[in-house]
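Dropping the structure in here first, questions after.
What you see below is based on every heavy atom in this structure, not just the backbone, and it leaves out hydrogens, waters and symmetry mates.
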Amino acid sequence: MIAPTVGRAQGALPATPFSTYPARFAHAYAQLGNGLLIIRSRWAPAGSTDAAFNQEPNFFYFTGDERSLAAVLVLDGATHHAELFLPADLPPDLRFFAPKQTAPTALSPNAVHVDHVSEWSDFRSYIDNRLSTDPHRTIFVDDGGSANDFAGDLGTPLDSLATLDNPWRAWRRAIQQRWPNAVVRSGGTILSAIRAVKDSGEIATLRRVAATSAAALLAALPRFSPGRRQREVEAAVVEACVRNAGGVSFWPWAMSGPNSAFPTPFTSFIDPGHLDRVMHAGEVARLDIGCQVDHYQGDVGRTVPVSGAFTAGQAEVIDLLVTAYRAGLAALRPGATADAVIRASVAAVARRRPALRTSLGRDAAAVITRPDGIPFWQLHGIGLDAAEALPDTLRAGMTVDYEPIFVVGGQGFYMEDMILVTPTGFEILTTGLPDSATEIERAMRPHGSR
């Protein structure tokens with residue numbers, strides 16, 4: 001049995017124009033063909049350690065509803081019909097979190113951009129009806145995709161226990177068990193394709209996200225100093241994002257010294273202190289941050305010298321990184337692939353390699369041009385998630401982050417901007433940030449001493 005758990009809390013919806021939503025549904029129906037797409041909202045309240053409650057992005061994208069828990073949206077590609085299912089009452093243990101709710105019978109479909117709102121108890125009969133003429137129809141089930149969903153199969157016998165499994169995959173298995181004749185598949189690829197190209201309203205919001213994120217990064221740069229803790233820098237980012245935007249996209253990374261070397265920063269997710277440490281002279285740090293505006297996420301960063309000045313070797317590596325970065329951007333256009341962009345960067349490093357003067361610079365070039373030297377170098381999407389999957393080829397209207405990452409001499413080097421793919425190439429959205437070693441050093445000086 002697929003049990004309902006919770007309904008919708010009363011609250012204002014973000015001011016995305018109503019005219020935007022029909023195009024989103026039309027695009028989804030074109031992708032679905034004769035199939036059904038099932039999308040769940042978030043299934044639990046925010047935890048006490050979460051910065052805020054973030055609605056499941058795919059659900060929010062179609063409904064604009066930022067508060068519902070465990071609501072289910074069904075899109076029918078055959079009939080071009082969207083139905084939202086909500087429980088009639090909140091379970092007692094959730095009424096504390098959401099003392100007010102809108103009953104399904106009282107919620108206007110127009111408020112959530114669907115054709116009809118039904119009670120959760122009607123969900124099974126609705127799907128039964130949709131499959132009655134063709135029980136072998138494909139049902140695409142949203143597997144999640146939120147930045148908060150890193151869970152996967154554990155690869156052990158414990159995977160059969162839903163409490164230890166990815167809740168979205170458990171949901172897909174429940175759908176398959178209830179309708180065994182249907183073809184049940186992940187909806188991740190379809191949803192990624194639908195959301196990849198941003199509409200004009202999304203692009204306008206992402207411009208605001210980029211501007212506030214760039215300002216937050218600049219506010220944090222002067223906070224670096226030997227003897228300070230990483231979290232002092234991170235606090236400056238949080239302060240700037242709260243003051244100028246809707247808060248942070250993710251807890252900032254000011255990962256210094258050994259923490260800067262990928263993949264070490266990921267271990268912060270299970271560290272009570274977020275890998276906090278005292279920073280030391282001579283180290284570099286990965287400053288990776290983002291603000292959010294109207295649920296859209298930012299992601300931008302630079303490599304920073306803790307003492308305010310790079311060593312000669314570090315400076316040469318930074319400038320080599322900038323050369324690679326700009327060469328990759330020159331290849332970024334509609335029709336390009338992420339691999340092509342990265343290959344252009346690597347080729348630029350290979351061309352410059354003979355002219356490098358420091359041992360660290362030469363070592364960096366050797367790492368970058370080695371076949372297995374840059375496993376984390378990436379191009380990813382940006383939008384309602386801080387890291388979205390991208391289709392195989394870029395299209396105009398996509399927003400992406402280009403993120404060269406490598407490690408040399410135990411030090412992590414990286415840079416990242418938010419970028420709009422335009423019909424003729426690209427546009428950097430996070431403008432006004434330093435690139436070269438000299439520019440970064442200048443930006444780190446207290447205001448008035450530059």
R370 bridged to D372 by N-O distance under 4.0 Å: yes

For E427 and T422, which I'm curious about, is there any donor-acceptor pair between the side chains at under 3.5 Å? no

Would you confirm whether E56, through its side chain, and R40, through its main-chain N or O, come within 3.5 Å as a donor-acceptor pair? no

Should we say atom CZ of R229 is surrounded by more than 12 heavy atoms from elsewhere, each under 6.0 Å from it? yes

Where L86 and S68 come nearest, the two heavy atoms and their spacing: CD2-OG, 4.2 Å

Checking side-chain polar atoms at under 3.5 Å, does Y325 have a donor or acceptor matched by the opposite partner on D417? yes

A quick test of your reading: do over 12 heavy atoms of other residues, nucleotides or ligands sit less than 6.0 Å from CG of D392? no

Can any side-chain N or O of Q292 pair as donor or acceptor with the backbone N or O of G246 at less than 3.5 Å? yes

Is it true that K198 and E388 make a salt bridge, defined as a side-chain N closer than 4.0 Å to a carboxylate O? yes

Spacing of CD belonging to Q55 relative to NE2 belonging to H295, to within rounding of 0.5 Å: 8.5 Å

Give, for atom OG1 of T430 and atom CG of L206, the distance between the pair rounded to the nearest 0.5 Å. 11.5 Å

Backbone N or O of T189 within a donor-acceptor pair of the S192 side chain at under 3.5 Å? no

S345 and A327 have their tightest heavy-atom pair at CA-CB, 4.3 Å

Run the side-chain contact (heavy atoms from CB on, under 4.5 Å) test on I405 and R286 for me, step by step, so that the C-alpha distance in whole Å, both residues' side-chain angles and the decisive distance to 0.1 Å come before the verdict. CA-CA 10 Å; I405 304 169; R286 176 192 177 98; 4.0 Å; yes

Identify the heavy atoms of L221 and P434 that sit nearest to each other, and give their distance. CD1-CG, 4.3 Å

What distance do F85 atom CZ and W120 atom CH2 have between them, rounded to the nearest 0.5 Å? 8.5 Å

Backbone N or O of A82 within a donor-acceptor pair of the D115 side chain at under 3.5 Å? yes

Kindly compute the distance separating CG (L275) from CZ (F269), expressed to the nearest 0.5 Å. 9.5 Å

With a 3.5 Å cut-off and sequence neighbours excluded, list the donor-acceptor pairs that the side chains of residues 349-357 form with protein atoms.
residue: R352; atom: NH1; partner: D319; partner atom: O; Å: 3.3
residue: R352; atom: NH1; partner: T323; partner atom: OG1; Å: 2.8
residue: R353; atom: NH1; partner: T369; partner atom: OG1; Å: 3.2

Within the structure provided, determine whether D385 and R195 are in side-chain contact (heavy-atom separation under 4.5 Å). yes

Check for a donor-acceptor pair, side chain of T63 on one end and backbone N or O of V112 on the other, with a separation under 3.5 Å. no

Students often mix this up, so state it plainly: with edges at 30° and 60°, are the rings of W251 and H274 parallel, tilted or perpendicular? perpendicular

With salt bridge (charged side-chain N to carboxylate O under 4.0 Å, His left out) as the test, would you mind laying out the steps for R302 and E439 before giving the verdict? CA-CA 11 Å; R302 293 293 188 270; E439 290 170 349; over 6 Å; no

Using a distance-only test with no angle check, is there a side-chain donor-acceptor pair under 3.5 angstrom linking W377 and Y402? yes

Sequence-distant partners of H80, ring-ring contact (aromatic ring centres under 6.0 Å, His included), two or more places apart: Y29

Taking every heavy atom of Q297 against every heavy atom of L384, the minimum-distance pair comes out as CG-O, 3.4 Å

Which atoms form the tightest heavy-atom contact between G412 and V284, and what is the distance? O-CG2, 3.6 Å

All side-chain hydrogen bond (donor to acceptor under 3.5 Å, both in side chains) counterparts of T393, not counting sequence neighbours: none

Can you find a side-chain donor-acceptor pair between E403 and Q378 that sits under 3.5 Å? yes

Taking NZ, NE, NH1 and NH2 as the nitrogens, is one of them in R231 or D276 under 4.0 Å from a carboxylate oxygen of the other? no

Whether F62 and F25 hold their rings parallel, tilted or perpendicular, with breakpoints at 30° and 60°: tilted

For C291, is there any backbone N or O sitting under 3.5 Å from a side-chain donor or acceptor partner on S213? yes

Which atom names give the shortest non-hydrogen contact between V341 and G328, and what distance separates them? CG1-O, 3.3 Å

Would you check if the side chain of R228 reaches a backbone N or O of V233 as a donor-acceptor pair within less than 3.5 Å? no

Are side-chain N/O atoms of R172 and S186 paired as donor and acceptor at under 3.5 Å? no

Taking E202 for the side chain and D199 for the main chain, is one N or O donor matched with an acceptor at less than 3.5 Å? yes

